[in-house]
Amino acid sequence: AVAGAMALGVTGGFQASRRSCRTRELRARIARAMSPMSPGDYGLPPKLAGMAGALSALPNDRMRYQQLMALAGKLKPMADDLKVPENKVPGCLSVVHVHASLEEDGTVTFQGDSDALISKGLVALLVLCLSGCTPEEIAGVQPEFIKASGISASLTPGRNNGFFNMFKLMNKKVARLKAAKAAESGESGAMKAGEDTETEETPELQIYNTLSRSKEAFKTLEPGKVKMYVCGVTVYDLCHLGHARVMVFFDIVARFLRHLGYDVTFVRNVTDIDDKIIKRSQETGETAEELARRMEEEMARDAKSLGCASPDFEPRVSESIEEITSMVETLVKKDFAYAGKGDVYFRVRRFETYGRLSRCSLDGNEAGARVEVADVKEAPEDFVLWKSAKPSEPSWESPWGPGRPGWHIECSAMAKRYLGDTLDIHGGGPDLVFPHHENEIAQSEAANDQPYVKTWMHCAAVRSTGNEKMSKSLGNFVTIRDVLKQYDGEVVRFYLLSSQYRRPMMYSEEALEEAQERLLKLYSSLRGAAGAQTESPDPECEQQHRFLAAMANDFDTVNAIAALTDLSRELLQLQQGDHGAEFQTKARQLRAMGAVLGILQRDPEEVCKGPVDSDFEAKVEDLIQARADARKAKDFTKADAIRDELTGMGVVIEDGAKGTSWRVASLA
């Protein structure tokens with residue numbers, strides 16, 4: 001990279017290094033040369049990645065322009081009969097055309113032209129570097145790469161918009177070619193979940209597996225079926241935002257898998273007997289069962305407020321005792337467990353592959369650290385499977401006397417009951433990797449003689465002020481209920497989707513406010529759309545392809561929402577027209593994409609205007625008319641005062657070609 005940078009003229013800056021501005025420029029040039037874009041950046045195919053990286057490494061805009069002009073010279077002339085309206089790129093300062101054709105080998109060939117030299121260079125960049133790529137490679141490209149290449153800062157807004165519009169048109173043409181090819185061969189465009197071949201419309205699903213520490217192509221145990229288990233909540237207190245993030249994320253996972261056509265069986269347990277529940281019930285004067293049922297109802301209420309669908313099964317520990325004791329008996333018979341004084345422990349060192357999920361060493365770690373155990377253990381790392389009863393505590397009969405389950409065995413037993421010996425997906429929070437999930441693997445595989453889980457998924461924590469993990473035990477949590485007093489449940493859901501699920505989130509009311517504003521803008525773009533979705537969304541929609549590509553890339557909700565936002569901008573522009581067929585089609589598309597994320601399913605007028613009474617609405621309309629009259633009379637002081645009054649009422653006004661519309665500033 002250094003040699004390349006020097007060849008491109010970086011060395012010239014050393015002679016002027018005594019000047020601070022030249023020094024800064026030199027550093028920037030070297031940094032670009034040392035960090036060229038790779039094929040993995042922005043989803044670029046190798047040829048486009050190489051060209052974008054070379055442009056990024058050039059020392060100044062002048063040299064980048066020269067490179068683009070050289071590219072323009074390599075562009076083959078475009079036949080006049082291809083310069084038709086359907087090939088014309090909208091929104092360009094110059095006249096730009098692009099055409100696509102699908103070759104026998106499944107790759108795409110592009111032709112393009114422009115009547116302006118710099119635009120022609122940008123046309124050549126895409127045409128030359130994307131020709132020869134497959135439709136899937138083209139759909140995976142993120143056009144924002146142009147900014148990282150160092151070009152866009154010096155492009156005029158018109159050319160910049162034209163570049164993105166050209167990229168959209170190219171994707172639209174590729175989608176049409178794919179659909180036409182499928183129609184000719186009689187293939188169905190519908191997703192056939194679980195098949196080895198990829199579908200025409202959806203990239204191969206990649207999921208980050210905690211076990212391998214890498215993204216892997218998702219393959220199910222049975223074609224078309226997904227068995228998913230997620231560790232639920234210990235119901236001794238109200239749920240906090242960390243719980244909310246796990247609930248919402250795995251709800252999204254189930255929704256997207258079903259969108260792809262999979263038959264998903266989603267199991268999430270309820271831990272309704274635990275030391276913490278017993279302790280809290282003693283403080284409140286309830287029985288452990290009464291407290292657990294009350295908190296379980298509150299958890300369900302919170303989940304519903306966040307738009308989470310109920311899992312297919314929500315087994316309780318207290319109702320799974322037979323399965324738990326049966327598995328413990330099996331482990332004892334196979335010498336993986338031993339009893340002592342009414343307790344039963346798992347022999348960790350007998351399970352030879354212990355630690356492969358968490359990659360922990362047994363030295364210095366106690367696998368059963370969550371619970372206090374007696375001195376009958378053979379080794380410190382052994383963890384409890386069954387705990388002998390204590391006075392005044394809930395207990396059940398077992399072969400080892402009255403007692404209750406240990407923490408880890410409950411999930412192994414309930415997962416086996418509902419999903420069998422091996423699961424496709426097992427999920428939970430990051431704090432469960434060790435010891436809980438590590439211990440689940442050991443006891444399940446020791447008992448069943450089968451691999452326990454194919455794909456392990458862990459959703460990162462929400463961190464409180466001070467960068468601590470939000471948890472009940474630390475007492476630093478913000479409950480879902482508290483947040484819902486200020487923000488609508490859909491806003492909270494949208495906020496939780498605005499960050500990559502494997503990265504910790506910092507709790508921030510500013511971020512919640514931003515999420516609320518972004519969600520309201522999405523709903524604003526749907527105003528005027530038909531209420532019922534009577535037709536299928538446009539399968540050729542470029543944003544749809546970006547959305548599916550993002551979700552198939554390890555459930556990348558950040559870029560999925562970016563695709564929604566891009567489509568909403570188009571809708572806002574179309575709203576200035578007559579709400580015609582194109583607007584209605586795109587609105588259906590936005591709603592369909594939102595449904596996968598569990599958002600944008602309410603009436604946009606009701607959301608945007610909020611739960612206001614008729615008197616309030618009439619007053620707002622009167623003020624908007626008064627403001628319009630003041631502006632017409634050029635009394636801008638009065639018009640601004642009316643706007644301020646509306647703002648004070650919690651109303652946002654939006655001026656457009658068809659007049660002024662309004663919405664509430666908050667969904668709470």
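Fair warning: this is a prediction, and the values are worked out from it, not measured in the lab.
The distance from the CE atom of M551 to the CD1 atom of I252 is 6.0 Å, given to the nearest 0.5 Å. The CG atom of L177 sits 8.0 Å away from atom NZ of K173, with the distance rounded to the nearest 0.5 Å. Rounded to the nearest 0.5 Å, atoms CD (Q573) and CD (E582) are 10.0 Å apart. Note that CZ of R591 and CG of L522 are 11.5 Å apart. Values are rounded to the nearest 0.5 Å. Going from atom CH2 of W456 over to atom OG1 of T210 covers 9.0 Å, rounded to the nearest 0.5 Å. Distance check: Y501 OH to F249 CZ gives 4.5 Å after rounding to the nearest 0.5 Å.
Taking the six-membered ring where the residue is Trp, F555 and F256 present perpendicular rings, their angle passing 60° and hence far from 30°.
Judged by distance alone, with hydrogens and angles left aside, the side-chain atoms of N87 form no donor-acceptor pair with the main-chain N or O of H99 at under 3.5 Å. Using a distance-only test at 3.5 Å, with no hydrogens or angles considered, no donor-acceptor pair links the side chain of R527 to the main chain of P604. A donor-acceptor contact shorter than 3.5 Å is absent between the side chain of K168 and the backbone of Q543. D251 places a side-chain N or O within 3.5 Å of a backbone atom of A309 that can act as its donor or acceptor partner. Between the D113 side chain and the P77 main chain, no donor and acceptor come within less than 3.5 Å of each other. Remark: side-chain polar atoms of S524 are paired, donor with acceptor, to backbone N or O of L520 under 3.5 angstrom. Side chain of T109 to backbone of S131: no donor-acceptor contact under 3.5 angstrom is found. The backbone N or O of K219 lies less than 3.5 Å from a partner atom in the side chain of K454, making a donor-acceptor pair. The main-chain N or O of G53 is never found under 3.5 Å from a side-chain atom of S56 such that the two would form a donor-acceptor pair. A distance-only check finds no donor-acceptor pair linking the side chain of E136 to the backbone of P203 [under 3.5 Å].
In K521, the NZ atom is not crowded: 12 or fewer heavy atoms of neighbouring residues, nucleotides or ligands sit closer than 6.0 Å. Counting heavy-atom neighbours within 6.0 Å of E605 CD, excluding the residue itself, gives a total above 12. Residue-environment remark: CZ (R213) exceeds the threshold of 12 foreign heavy atoms within 6.0 Å.
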Problem set entry | CA sep, side-chain torsions, deciding dist, call: M228, Y262, side chain to side chain contact (heavy atoms under 4.5 Å, CB included) | CA-CA 12 Å; M228 182 169 76; Y262 287 103; over 6 Å; no

For this session: Walk me through it: do Q589 and L571 pass the test side chain to side chain contact (heavy atoms under 4.5 Å, CB included)?
Result: CA-CA 11 Å; Q589 188 68 60; L571 284 167; over 6 Å; no

Problem set entry | Worked verdict on I561 versus L597 for side chain to side chain contact (heavy atoms under 4.5 Å, CB included) | CA-CA 9 Å; I561 289 174; L597 300 179; 4.0 Å; yes

Exercise. What do the steps show when you test L205 against L257 for side chain to side chain contact (heavy atoms under 4.5 Å, CB included), and what is the final call?
Worked result: CA-CA 9 Å; L205 178 59; L257 290 172; 3.6 Å; yes

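H259 places none of its side-chain heavy atoms less than 4.5 Å from the side chain of R255. Residues Q67 and L55 form a side-chain contact, since some pair of their non-hydrogen atoms from C-beta on lies under 4.5 Å apart. When side chains are defined from C-beta on, Q544 counts as touching M593, because their heavy atoms get closer than 4.5 Å. Looking at L48 and L128, their side chains never come closer than 4.5 Å, going by heavy atoms from C-beta outward. Residues E490 and L519 have side chains in contact (heavy-atom distance under 4.5 Å, counting atoms from C-beta outward). For the pair F167/V141, a side-chain contact is recorded, criterion being any heavy-atom separation below 4.5 Å from C-beta on. Proximity of M166 to L122: side-chain heavy atoms (C-beta onward) are nowhere separated by under 4.5 Å. Between R569 and T565, some side-chain heavy-atom pair lies under the 4.5 Å cut-off.
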Contacts under 3.5 angstrom, residues 300-307 side chains, donor-acceptor by atom type, not counting sequence neighbours:
{"from": "D302", "atom 1": "OD1", "to": "R481", "atom 2": "NE", "distance (Å)": "3.0"}
{"from": "D302", "atom 1": "OD1", "to": "R481", "atom 2": "NH2", "distance (Å)": "2.9"}
{"from": "S305", "atom 1": "OG", "to": "R301", "atom 2": "O", "distance (Å)": "3.0"}

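A donor atom on one side chain and an acceptor atom on the other are found under 3.5 Å apart for T585 and R588. There is a side-chain donor-acceptor pair under 3.5 Å between Y487 and E513.
The nearest pair of heavy atoms linking M505 to L496 is SD-O, 4.0 Å. Contact detail for A461 and R245: the closest heavy-atom pair is O-NH1, 3.4 Å. The heavy-atom pair separating Y495 from M506 by the smallest distance is OH-O, 3.4 Å. Scanning both residues, P135 and G106, for their nearest heavy atoms gives CD-O, 3.2 Å. Shown here for P504 and A460, the closest heavy-atom pair between the two residues is N-CB, 3.5 Å. Across all their heavy atoms, A175 and H545 have their closest contact at CB-NE2, 3.2 Å.
Of the candidates V95, V123, V96, V89 forms a side chain to side chain contact (heavy atoms under 4.5 Å, CB included) with just one, namely V96. Looking at R268, R258, K227 one by one, the single match for salt bridge (Lys or Arg N to Asp or Glu O under 4.0 Å) with D312 turns out to be R258.
Cation-pi geometry between R502 and Y208 is met: under 6.0 angstrom from the ring centre, within 45 degrees of the axis.
Between D488 and R602 a salt bridge is recorded (basic side-chain N to carboxylate O distance below 4.0 Å). Using a 4.0 Å cut-off between charged side-chain N and carboxylate O, D556 and K215 make no salt bridge.
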